[in-house]
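Just below is one structure, and these are the notes that go with it.
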Amino acid sequence: MDQYIGLDVSLKDTAVSIRENRKRIWRGKCPSDPKVLSQIIRKHAPHAKLVVFETGPLSTWFYHALTAEGIPAICIEARHAQKVLSETLNKTDANDADGLEQLAEAGFYKVVRVKTFDNMLTRTLVAARSQLVSISKQLSNQIRGLLKTFGLIVPKGEGRVFDANVRELLNGNSGLAVVILPLLEAWRDIRKRAANLDHQLLAASRQSRATKLLMTIPGVGAVTAVSYIAAIEDPENFPTSRSVGAWLGLTTRRYQSGEIDYDGHISRRGDGRLRGLLYEAATVLLTRTGARTECSLKTWGLKLRERLGFKRAAVAVAPKLAVIMHSMLKTGEAFNPLAGATA
């Protein structure tokens with residue numbers, strides 16, 4: 001008989017529930033270690049047909065480790081599963097594992113494509129770089145705010161200019177310098193670390209033909225191109241280019257019930273970081289002037305801005321960029337400034 005296993009994974013322990021012929025035959029708990037789990041599954045479910053667990057921090061490691069052990073594991077969407085699991089009276093790890101095994105047996109789940117470790121490494125690089133840039137901005141704003149309290153206004157400027165302006169304002173004020181200079185030194189060190197990650201990111205983009213191809217689009221830089229490729233992985237993962245926009249949560253949600261039928265805001269599902277990068281690319285495309293940025297997509301976006309405003313126009317341009325980038329990866333053709341602007 002086919003056996004279905006549900007795993008409720010946490011950082012320390014994993015609840016295991018095994019089902020056969022619509023009845024639970026075993027459940028227990030073990031350390032969150034794929035090798036230990038493999039041994040338990042082989043012992044208690046030698047005819048395992050499907051092992052199901054939800055998306056989470058350990059899902060990439062669990063999926064690749066379990067499949068390497070020959071376990072038929074799949075990762076399902078946590079948001080979809082929780083709508084079913086929340087119907088149980090008592091919320092426990094064991095009950096969640098029971099619910100997952102029932103979803104597996106019924107076939108009522110949405111499989112999530114688990115990325116490779118190489119692509120996850122690229123995404124980690126982008127995330128680490130973004131975090132350091134964010135911390136750098138927070139520190140510079142904190143320094144500006146603290147100096148304003150004492151009537152010291154830091155002039156506009158970044159990098160070395162900002163550093164020099166702050167030090168000049170602190171001359172003759174030793175009491176304040178003792179407080180501000182450690183923040184300034186931390187700001188400088190974080191900028192250096194961020195610059196090192198920038199070099200790694202640029203080096204990775206130069207080695208990839210696909211990244212160079214996407215960077216021919218106005219507004220799309222190395223970070224956006226690398227992030228897009230790491231998220232998409234293989235263009236064949238999507239049947240049509242238009243489906244990429246929906247996958248990234250850039251298409252409008254629809255609500256229909258009886259006589260009510262309207263479109264709402266974008267769904268904001270999927271990769272939030274990539275969605276933000278595409279919005280930034282659309283913003284650059286609509287705001288930067290120059291011969292390189294002139295294209296029919298920009299013309300369409302500017303016309304839309306006149307009717308709906310800038311933010312809505314940028315949100316509308318972002319999914320078109322996602323569609324164009326997928327089409328370019330699929331065909332291997334460079335960006336065509338005269339294409340991709342149909343309403």
Side-chain angles (χ1 to χ4, degrees), residues 1-11 13-30 32-34 37-38 40-42 44-117 119-120 231-234 236-240 243-249 251 253-255 267-272 274:
M1 300 294 293
D2 292 333
Q3 297 165 333
Y4 299 87
I5 299 96
L7 305 178
D8 186 70
V9 181
S10 65
L11 292 177
D13 298 316
T14 296
V16 184
S17 184
I18 302 175
R19 190 177 185 85
E20 180 183 307
N21 197 22
R22 299 185 179 181
K23 294 182 180 179
R24 187 181 69 234
I25 61 173
W26 187 87
R27 74 174 178 181
K29 184 174 285 190
C30 70
S32 293
D33 186 337
L37 277 169
S38 300
I40 291 177
I41 292 172
R42 291 193 184 98
H44 297 282
H47 306 291
K49 184 176 182 180
L50 202 60
V51 177
V52 172
F53 56 92
E54 302 171 88
T55 52
L58 303 180
S59 57
T60 301
W61 172 44
F62 261 58
Y63 174 79
H64 291 296
L66 289 175
T67 52
E69 294 286 338
I71 303 297
I74 62 170
C75 183
I76 67 174
E77 186 179 352
R79 186 184 293 109
H80 176 260
Q82 284 304 314
K83 292 183 181 297
V84 179
L85 299 180
S86 61
E87 295 299 320
T88 58
L89 182 61
N90 297 315
K91 173 69 172 69
T92 65
D93 293 342
N95 287 343
D96 285 349
D98 288 343
L100 290 173
E101 69 174 13
Q102 293 178 47
L103 290 178
E105 187 175 32
F108 189 65
Y109 52 81
K110 293 182 179 180
V111 180
V112 174
R113 173 172 51 86
V114 181
K115 296 177 177 59
T116 64
F117 281 122
N119 282 309
M120 289 303 298
I232 298 298
E233 293 187 300
D234 186 356
E236 299 299 329
N237 288 328
F238 297 87
T240 62
S243 60
V244 180
W247 181 70
L248 290 173
T251 55
R253 292 183 293 182
R254 184 186 178 190
Y255 180 87
S267 64
R268 296 185 180 180
R269 298 290 179 89
D271 193 334
L274 179 56

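If you're wondering where the values come from, they're calculated on a predicted model, not measured in any experiment. Values reported hereafter were calculated over all heavy atoms of this structure, with side chains retained and with hydrogens, waters and symmetry mates removed.
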**Complete:** In short, Ala15 meets Ala97 closest at the heavy-atom pair O-CB, 3.7 Å

**Prompt:** Would a 4.5 Å heavy-atom cut-off, applied to side chains only, mark Glu101 and Leu50 as touching?
**Reply:** no

**Item:** Closest approach of Ser17 to Arg27 (non-hydrogen atoms, all atoms of both residues)
**Value:** CA-CB, 3.9 Å

**Complete:** On a heavy-atom basis, the closest approach of Cys75 and Val114 is CB-CG2, 3.8 Å

**Prompt:** Can you find a heavy atom in the side chain of Val52 that is under 4.5 Å from one in the side chain of Leu103?
**Reply:** no

**Message:** Return the CG to OG distance between Leu37 and Ser32, rounded to the nearest 0.5 Å.
**Reply:** 7.0 Å

**Request:** On the 0 to 90° scale, with breaks at 30° and 60°, tag the Phe238-Trp247 ring pair as parallel, tilted or perpendicular.
**Result:** perpendicular

**Request:** To the nearest 0.5 angstrom, please state how far the CG atom of Asp93 sits from the CG atom of Asp13.
**Result:** 8.5 Å

**Complete:** Output for pair (Gln3 CD, His44 NE2), nearest 0.5 Å, gives 11.0 Å

**Prompt:** Would you find a donor on one side and an acceptor on the other, under 3.5 Å apart, between the side chain of Thr55 and the backbone of Ala78?
**Reply:** yes

**Message:** Any heavy-atom pair between the side chains of His47 and Glu20 that's under 4.5 Å?
**Reply:** no

**Asked** Within a strict 4.5 Å, meaning less than it, do heavy atoms of the Tyr109 and Ile74 side chains meet?
**Response** yes

**Reported CG-to-OG1 distance for the pair Asn95 and Thr88, which is rounded to 0.5 angstrom** = 5.5 Å

**Message:** Any non-hydrogen side-chain atom of Phe108 less than 4.5 Å from a side-chain atom of Gln102?
**Reply:** no

**Heavy-atom neighbours of Lys83 NZ exceed 12 at 6.0 Å** = no

**Fill in**
CD1 of Ile76 to CZ of Phe53, rounded to nearest 0.5 Å, is 9.5 Å

**Asked** Can you pull the side-chain hydrogen bond (donor to acceptor under 3.5 Å, both in side chains) pairs that have at least one residue in residues 59-72, sequence neighbours excluded?
**Response** Arg42-Glu69

**Message:** Taking side-chain contact (heavy atoms from CB on, under 4.5 Å) as the criterion, tell me which of Asn237, Val244, Asp271 meets it with Ile232.
**Reply:** Val244

**Request:** Specify the closest pair of heavy atoms between Arg113 and Ala231, including all atoms of both residues, with the distance to one decimal.
**Result:** NH2-O, 3.4 Å

**Message:** Let me confirm one number: the CD-CG distance from Glu105 to Asn21, rounded to the nearest 0.5 Å.
**Reply:** 7.5 Å

**Asked** Is Val51 close to Phe62 at the side-chain level, that is, under 4.5 Å between some pair of heavy atoms?
**Response** no

**Request:** Locate the shortest heavy-atom distance separating Glu233 from Thr116; write the atom from each residue and the value.
**Result:** OE2-N, 3.0 Å

**Contact check, side chains of Leu100 and Leu85, non-hydrogen atoms, under 4.5 Å** = yes

**Request:** With the side chain counted from C-beta on, respond yes when Leu66 and Leu7 share a heavy-atom pair under 4.5 Å apart, and no when they do not.
**Result:** yes

